[in-house]
Protein chains: 2
Amino acid sequence: MASADEAIYREIADAILQGRLKAGTKLPEHKLAAIFGVSRERIRKLLHRLAAERRLEIIPNRGCFVPRPSVADVRMIYEAHRVFEAGVIEQLLRRLDDRILQALDAHLAQEREAAGRGDRAASVRLSGAFHLLLTDSLGNAELSRFLRELLSRSSLMVSVYEPAQSSVCAVDEHAGIVQALRQRDLATALRLSREHFTHIENRLNLEHAGGPDADLAALFASREP
Amino acid sequence: MASADEAIYREIADAILQGRLKAGTKLPEHKLAAIFGVSRERIRKLLHRLAAERRLEIIPNRGCFVPRPSVADVRMIYEAHRVFEAGVIEQLLRRLDDRILQALDAHLAQEREAAGRGDRAASVRLSGAFHLLLTDSLGNAELSRFLRELLSRSSLMVSVYEPAQSSVCAVDEHAGIVQALRQRDLATALRLSREHFTHIENRLNLEHAGGPDADLAALFASREP
DNA sequence: CTTGTGCCAAATGTGCACAATTTGTATAAC
DNA sequence: GTTATACAAATTGTGCACATTTGGCACAAG
């Protein structure tokens, strides 16, 4: 079967996105090969593909690691978010319609519901999905793809630098952006978007280092029985 | 030596960017391996890397091709350019200084000089480099990288769809954007940037199909004697 | 002359074995 | 006790041989 590779690719990518794979974790080729029951060469190709997308980092002759973003990386990624979303919002106001606004409202409802029942994992996931929804609304696959790479990296930063007691308070800020969009208020939407990313960035504790490595076999154990 | 791969990578990427590799051209692995004097596996890895960056297209069991962008691709890429550069300009106005403006002026001078002596190849190259310079001025490697991928694809579109007699008139439009930046006129800069990409897009002849394939060996013959 | 079928050549995909590099450890010298 | 060196184990990198798939060509039937 040809799409087994795709399944493994998604499994690893999701593990990074959901923070199950901690920064700094080493991913040895033959260990992954044994876990997923495929040859080492298959794994190899996947890892290089993920590295090309900046989701993993390959150090020659050393191995493949979950990237441990530096403070400079944090600044860079969140600035990229700010710049990128400014462009998205400016374009979005040119083609905003009821269908898009309804989708945004529905998403905000999901976010509120997850926050209401204290589901932190869902909140984190939906928080990223909000920005993806904004971009996807433009219907431009190229822009969506770039944002996906950015999100993959910023979710790593949250899991590395975010203090454990942090409250996920982003829902209101997301709602503010949607409100500004509904009112066709470009300046406010741009300002709120910028501030939103700056808030997330400032909430990070850049002195705090990463945690210990996880058990790979246990991590990927949730596969069809 | 480890950086031989990098050299070959750049050679192929540049060949696409400069339009020496026409859309639709097939890149057979063993043929490239013979041309560059390396093993087929080396080439293989490079091609997959270029494919991950959307610079080449790999069809499973069929081979590797220079992408032949569809009309929908053209719309998508130029919209991505418009959205992306809007964000770039908005951020650039927040950190614009004399050093950046001088670099932009110097670039415009280069463009005018190339246009003056009718050097079409240089004009095309500098035209792309202008937008890259705008983005590079933000000092954000992630944004620069994305733009490079976009440029790689749009240069293909120009070489496929642009009618031969087209005049490279972009210098004035570039100068207009710089002037608006210098005057801190955000609205004008955004408008000129959008219109600029729309002009390029509209100049393309979307009915015109691609040309014939080139001779690979001759194409890559310009290597150290 | 067009269409359908089967075979052959060529190109890509994959696994294996071996080479090269790095890291950790043990030992010895200072 | 610290440092340096050498060796060993483990991990990644590479080339080769073989399997698989595809596209074209020939040939025959309608």
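Only a predicted model underlies this, so the values are computations on that prediction, with no experimental measurement involved. Below, chain A is the first sequence line, B the second, and so on; all start at residue 1.
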Side-chain ion pair, B:Glu142 and A:Arg82, N-O less than 4.0 Å: no
Interatomic distance where CZ belongs to A:Phe65 and C1' belongs to C:dT22 [whole Å]: 11 Å
Proximity to the side chain of A:Arg62 - top-ranked nucleotide from C:dT22, C:dA11, D:dC16: C:dT22
Interatomic distance, A:Arg40 CZ vs D:dT11 P [rounded to whole Å]: 10 Å
Atom-to-atom span, CZ of B:Arg44 to C1' of D:dG13 - whole angstrom: 16 Å
Among D:dG15, D:dT12, C:dG13, the nucleotide that comes nearest once only the side chain of B:Ser39 is considered: D:dG15
Whether A:Ser127 side chain and A:Ser123 backbone form a donor-acceptor pair below 3.5 Å: no
Between C:dA20 (C1') and B:Arg42 (CZ): distance, integer Å: 12 Å
Main-chain N/O of B:Ser70 paired with B:Asp73 side-chain donor or acceptor, under 3.5 Å: yes
Flag, side chain of A:Arg95 to backbone of A:Leu138, donor-acceptor distance under 3.5 Å: yes
Whole angstrom value for the distance that separates P of D:dT12 from CD of B:Glu41: 19 Å
Nucleotide D:dG23, atom C1' - distance to CG of B:Asn61 in whole Å: 12 Å
Residues B:Glu149 and B:Arg145 bridged, charged N to O under 4.0 Å: yes
For atom CD1 of B:Ile59 and atom P of C:dA11, their distance in whole Å: 16 Å
Phosphate OP1/OP2 of C:dA11: any B:Lys26 side-chain N/O under 4.0 Å: no
Touch class at under 4.0 angstrom, heavy-atom based, for A:Glu29 against every strand present: sugar-phosphate
Side chain of B:His30 (C-beta onward), nearest among C:dC16, D:dC16, C:dT12: C:dT12
Rounded distance (Å) that lies between atom C1' of D:dT11 and atom CG of A:Leu47: 13 Å
Distance below 4.0 Å between A:Lys45 side-chain N/O and C:dT14 OP1 or OP2: yes
